[in-house]
Amino acid sequence: MDPSTFKLTGAIGLAAFAGLMWVAFIRNVPVETAMGTILSKGEMAGRTYVQQRSGQGGTPTTPNTIELAPASTFEVRLDGRSDPVFASFNTVMGRLFEPGQRVHV
């Protein structure tokens, strides 16, 4: 195969791959909104998550400690859907919402 043909084929392939990545991850999609009613409110306590990775050859590395803040969790039934959806917010934002309240999501 001629080197210039090989380069052209590679360039076309990379351009097609870039176009595919744009369609899959970057392009704007329509925003969907709905009205719903909060069915229940719960509290999730803060906790610590320890991430342990293995290094090269399976040797352990220093654990990475991740602090998870407390949160308010909500079960919301959207108009026109039978199955509920779930959302969680930090505790300050969670104070603004109560069961039975109508919300726009």
Side-chain angles (χ1 to χ4, degrees):
M1 180 182 268
D2 182 31
S4 61
T5 305
F6 181 72
K7 288 179 184 179
L8 180 61
T9 304
I12 291 171
L14 288 175
F17 180 71
L20 180 66
M21 292 296 104
W22 179 82
V23 167
F25 298 111
I26 299 173
R27 71 182 169 97
N28 290 331
V29 295
V31 176
E32 294 184 32
T33 62
M35 291 297 293
T37 304
I38 298 175
L39 299 176
S40 65
K41 178 179 182 178
E43 299 296 325
M44 184 170 54
R47 60 188 187 276
T48 301
Y49 172 74
V50 179
Q51 182 181 39
Q52 180 69 50
R53 298 186 201 173
S54 60
Q56 189 174 9
T59 59
T61 61
T62 305
N64 187 18
T65 304
I66 301 168
E67 297 290 331
L68 300 176
S72 298
T73 59
F74 300 92
E75 181 181 11
V76 181
R77 180 163 318 265
L78 298 178
D79 297 344
R81 290 186 60 169
S82 60
D83 53 332
V85 296
F86 299 90
S88 64
F89 298 107
N90 64 41
T91 54
V92 174
M93 181 94 169
R95 291 184 201 141
L96 302 174
F97 303 103
E98 293 299 327
Q101 183 178 349
R102 297 280 296 163
V103 290
H104 185 185
V105 293

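The structure presented is a predicted model; accordingly, all values stated were derived computationally and were not measured.
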Cut-off 3.5 Å, no hydrogens considered: what does the side-chain donor-acceptor table look like for residues 84-93, sequence neighbours left out?
{"from": "Asn90", "atom 1": "OD1", "to": "Val92", "atom 2": "N", "distance (Å)": "3.2"}
{"from": "Asn90", "atom 1": "OD1", "to": "Met93", "atom 2": "N", "distance (Å)": "2.8"}

* To do: Each residue besides Val29 in its hydrophobic cluster should be listed here, by chain and number; the cluster joins Ile, Leu, Val, Met, Phe, Trp and Tyr at side-chain heavy-atom distances under 4.5 Å.
  => none
* Asked: For Ile12, what are the other residues in its hydrophobic cluster, where any two members join if their side-chain heavy atoms are less than 4.5 angstrom apart?
  -> Leu8
* Asked: Considering residues at least two apart in sequence or located in another chain, which fulfil the side-chain hydrogen bond (donor to acceptor under 3.5 Å, both in side chains) criterion with Glu32?
  -> none
* Linking I/L/V/M/F/W/Y whenever any side-chain heavy atoms sit under 4.5 Å apart, do Leu68 and Val50 land together? -> no
* Structure fact -> Residue set satisfying side-chain hydrogen bond (donor to acceptor under 3.5 Å, both in side chains) with Ser4, at least two apart, ordered chain then number -> Asp2
Between side-chain atoms of residues 95-105 and protein atoms elsewhere (two or more places apart, or another chain), which donor-acceptor pairs fall under 3.5 Å?
{"from": "Glu98", "atom 1": "OE2", "to": "Lys41", "atom 2": "NZ", "distance (Å)": "3.1"}
{"from": "Gln101", "atom 1": "OE1", "to": "Glu98", "atom 2": "N", "distance (Å)": "3.0"}
{"from": "Arg102", "atom 1": "NH1", "to": "Thr37", "atom 2": "OG1", "distance (Å)": "3.0"}
{"from": "Arg102", "atom 1": "NH1", "to": "Asp79", "atom 2": "OD1", "distance (Å)": "3.1"}
{"from": "Arg102", "atom 1": "NH2", "to": "Asp79", "atom 2": "OD2", "distance (Å)": "2.7"}

* Which other residues end up in the same hydrophobic cluster as Met44, if Ile, Leu, Val, Met, Phe, Trp and Tyr are linked when side-chain heavy atoms come under 4.5 Å apart? -> none
* Counterpart residues, side-chain hydrogen bond (donor to acceptor under 3.5 Å, both in side chains), relative to Thr65 (two or more places apart) -> none
* Set of residues satisfying side-chain hydrogen bond (donor to acceptor under 3.5 Å, both in side chains) with respect to Arg81, sequence neighbours excluded -> Asp83
* Set of side-chain contact (heavy atoms from CB on, under 4.5 Å) partners for Asn64, sequence neighbours left out -> Gln51, Ile66
* Asked: Which residue pairs pass the salt bridge (charged side-chain N to carboxylate O under 4.0 Å, His left out) test when at least one of the two sits in residues 46-69, sequence neighbours left out?
  -> none
